Amino acid sequence: MSKNKVRVRFAPSPTGPLHIGGVRTALYNYLFARKNGGELVFRIEDTDSSRFVPGAEDYIIESFKWLGIQFDEGVSFGGDHGPYRQSERRDIYKKYVKQLLDANKAYIAFDTPEELDAKRQEIENFQYDASTRGMMRNSLTLSKEEVDALIAEGKQYVVRFKIEPGREIHVQDIIRGDVSINSSILDDKVLYKSADELPTYHLANIVDDHLMEITHVIRGEEWLPSAPLHVLLYEAFGWADTMPRFAHLPLLLKPVGNGKLSKRDGDKLGFPVFPLEWHDPKSGDISSGYREKGYLPQAVVNFLALLGWNPGNDQEIMTMDELVNLFDLSKCSKSGARFDYQKGIWFNHQYLLQQDNMAWTPAFDKILKENGIESTPEREAQVVEMMKTKVIEYVDNDNNKKKRNISFVSDLWPLAKFFFVAPEYDKEDKFVRKNWKEDTAADMQELAVVLSGLTDFSVESQKAAVDPWVEQTGKRPWNAWRVALVGTGQGPDMYELTAFLGKEETLNRIQSAINALG
RNA sequence: GGCGCAUUCGUCUAUCGGCUAGGACGAGAGAUUUUCAUUCUCUAAAGAGCAGUUCGAUUCUGCUAUGCGCUACCA
């Protein structure tokens, strides 16, 4: 077994959909593993049975599949260090809890949650530690017989870590350098609960990381304060020499206001905070996801990678392979990053534009079908080609309608509808009013005559017929012609559009416009 | 309250003691486009404050301020 092989893990709790911040943590773990030729483990930390949410685990797996983040082992991926679900590792934890108990590095405590609450009420800033454990109901204050009797009669208890006060504990963080705190401020953390026979995060985490031979722990900054506790646990088990290296990532902050990005922010501010759409099994609420919103996974990955890390130069558009190549934990920033979803939109725009036209057609085809349009992939690709750089969307931002270029395939429909459906003519439309005057109908009549003489309706053929007519008469038919075919001022070049629609449809629309607008 | 972490344009960030502080998003202006877009060009926009170290500090140190995180029988 290669002692030096890099092994990292992503270990979410199945308490709901995977948060975008969690996605980034997983991504960094993935990039780090690939970069160093190591392995990425997928572990499920379901030690809090009360918070378990059905479907969450599958959701998380599907999310990573969509994003292209691959695991080497773990839940649903197999491997030699299983089981990878903490709820299936009870016996393992029990063994290690006993080890700590036998070594007098942990103790059994019978205080009920109610008693602890009462203590907190009674004493300001109460903390269960070396200064208070002597006045609580635990195996340190009770005799062995009393403890055994209480357990025998089925009393619930927890196992607490016995922290020695007054020690300066140092954590060497790859991103932050030396971080130290005094052990006196730590409380005697609960390591194990008899109620569900499961450990808490801290114990399970240390035991699993050790047993799974994890070499680097890359996680969010919210874990930094408990890192010294984890160091103490590694020492207590005698695993200090194989303790993994730590890297605490900066947090993702709300786009506006204060605090870290939370699961609730997304739909409140109009952008997804989850990779995939999530249907809450209890409340029935639906939370939007990047996939369903029309984002490309490469765009999401690229965007997320740059939130808290950069390659050290100005390069922004990077494939997964490039990211792997360039990734460096020491280049991660230390401060929290505000989640700028507008930049995320820009990334999607970039990736969408890069895509082959045919890649758009499945999504576009779906939208067309929803609107009752039957078409062919070739025809759709042709429209995409013409519209690709003409995509706009109106985003309701703080009640101000802002026009911006966005690229979601779904934006195509309102802007490309006229390719498939004849427009409704609106005399009040600004563009129509400006470009459809009293004598326009007569001009269009003439144009129709010119066009009806053509048998070949290609761009070149139309040009050959219409350009001389334009030159001779000095007429400017373009905008009115556009009104006739599109209904307003948008769309591609007139000849392209006309060639796409074909002779019959073009002449029909010109006639309809004359009838409707006079 | 306690402990910890952080602090460069509105936002994401570059700079590892030499700066006329660079790039991107967003914003504004112009050019291009017979429409709407796209695209291109340009403009505005920053080192939290105060000390110290130094020939020289955005970069190092300290203090203050501010922000964030943790402070559960949750992770």
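Each chain gets a letter, A, B and so on, in the order the sequences are listed, and its residues count up from 1. Bear in mind that the values here come from a model prediction, so they are computed numbers and not experimental data. No hydrogens, no waters, no symmetry mates; every other heavy atom, side chains included, goes into these values.
Closest of all the heavy-atom pairs between Ser63(A) and Leu18(A) is CB-CD2, 4.5 Å.
For C73(B), the OP1/OP2 oxygens have a side-chain nitrogen or oxygen of Arg120(A) closer than 4.0 Å. Checking the phosphate oxygens (OP1, OP2) of C68(B), a side-chain nitrogen or oxygen of Asn258(A) falls inside 4.0 Å. Close to U35(B), at under 4.0 Å from its OP1 or OP2, lies no side-chain N or O of Asn479(A).
Comparing G30(B) with A46(B), their C1' atoms are spaced 26 Å from each other, to the whole Å. Taking atom C1' on both C16(B) and C3(B), the two are 30 Å apart, rounded to the nearest angstrom. For the C1' atoms, the distance from U59(B) to U15(B) is 8 Å, rounded to whole Å. Nucleotides U66(B) and G49(B) are separated by 10 Å at their C1' atoms, to the nearest Å. Taking atom P on both U11(B) and A72(B), the two are 32 Å apart, rounded to the nearest angstrom. Comparing the C1' positions of G23(B) and C55(B) gives a spacing of 31 Å, expressed to the nearest Å. The separation of A48(B) from C40(B), taken at their P atoms, amounts to 33 Å, rounded to a whole angstrom.
Using a distance-only test at 3.5 Å, with no hydrogens or angles considered, a donor-acceptor pair links the side chain of Arg176(A) to the main chain of His248(A). Checked by atom type and distance alone, the side chain of Arg482(A) pairs as donor or acceptor with a backbone atom of Gln490(A) at under 3.5 Å. Proximity of a side-chain donor or acceptor of Asn302(A) to a complementary backbone N or O of Met318(A) within less than 3.5 Å is detected. Using a distance-only test at 3.5 Å, with no hydrogens or angles considered, no donor-acceptor pair links the side chain of Arg43(A) to the main chain of Arg85(A).
Within a heavy-atom distance below 4.0 Å of RNA chain B, the residues of residues 41-49 of chain A found are Glu45(A), Thr47(A), Asp48(A).
Residue contacts for Gly308(A): at a heavy-atom cut-off of 4.0 Å it reaches the sugar-phosphate backbone alone, with no base atom in range. As judged by a 4.0 angstrom heavy-atom cut-off over every strand, Lys189(A) is placed among residues making no nucleic acid contact. Counting non-hydrogen atoms under 4.0 angstrom, Arg482(A) reaches a base of the nucleic acid. Within the nucleic acid shown, Tyr201(A) comes within 4.0 Å of at least one base atom, counting heavy atoms only. Using a 4.0 Å heavy-atom criterion, one finds that Val158(A) contacts the bases of the nucleic acid, with or without backbone contacts as well. Contacts of Gly259(A) with the nucleic acid, taken as non-hydrogen atoms under 4.0 Å apart, involve only primed sugar atoms and P, OP1 or OP2. Residue contacts shown for Ala337(A) are limited to sugar-phosphate atoms, with no base heavy atom under 4.0 Å away.
The side chain of Glu316(A) lies closest to G23(B), out of G23(B), U13(B), G69(B). For Gln490(A), the listed nucleotide lying nearest its side chain is C36(B); candidates were C36(B), U39(B), G69(B). The Asp340(A) side chain lies nearest to U11(B) when the options are U11(B), G1(B), A75(B). Comparing A75(B), U13(B), C12(B) by their closest approach to the side chain of Ser333(A) singles out U13(B). Nearest to the side-chain atoms of Trp346(A) among the listed nucleotides A24(B), U13(B), G69(B) stands A24(B). In the set C74(B), U13(B), U35(B), C74(B) carries the atom at the smallest distance from any side-chain atom of Arg51(A).
The ring of Phe419(A) has its center closer than 6.0 angstrom to the ring center of Phe500(A). Aromatic ring centres of Trp309(A) and Tyr28(A) lie farther apart than the 6.0 Å criterion allows.
Here the P atom of nucleotide G23(B) and the CD1 atom of Ile317(A) are 17 Å apart, to the nearest Å. One atom, NE2 of His349(A), and another, P of A24(B), lie 15 Å apart when rounded to the nearest Å.
RNA chain B is contacted by both Trp309(A) and Met494(A); Trp309(A) maps to the nucleotide lying nearer its 5′ end (nearest heavy atom per residue).
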Output, in order, the C-alpha distance, side-chain angles, deciding distance and verdict of side-chain contact (heavy atoms from CB on, under 4.5 Å) for Arg509(A) and Tyr425(A).
CA-CA 10 Å; Arg509(A) 288 194 190 180; Tyr425(A) 301 101; 3.8 Å; yes

As a quick check of understanding, evaluate side-chain contact (heavy atoms from CB on, under 4.5 Å) for His230(A) and Val171(A), giving each step before the final call.
CA-CA 9 Å; His230(A) 299 160; Val171(A) 179; over 6 Å; no

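One donor-acceptor pair, N or O on each side, does fall under 3.5 Å between the base of A24(B) and the side chain of Lys343(A).
How far NE2 of His170(A) is from CD1 of Ile181(A): 10.5 Å, rounded to the nearest 0.5 Å. Note that the CG atom of Leu233(A) and the CG atom of Leu203(A) stand 6.5 Å from one another [nearest 0.5 Å].
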Which nucleotides of nucleotides 3-9 of chain B have their base under 4.0 Å from a protein heavy atom (B), which only their sugar-phosphate (S), and which neither (-), written as one string 5' to 3'?
SSSSS--

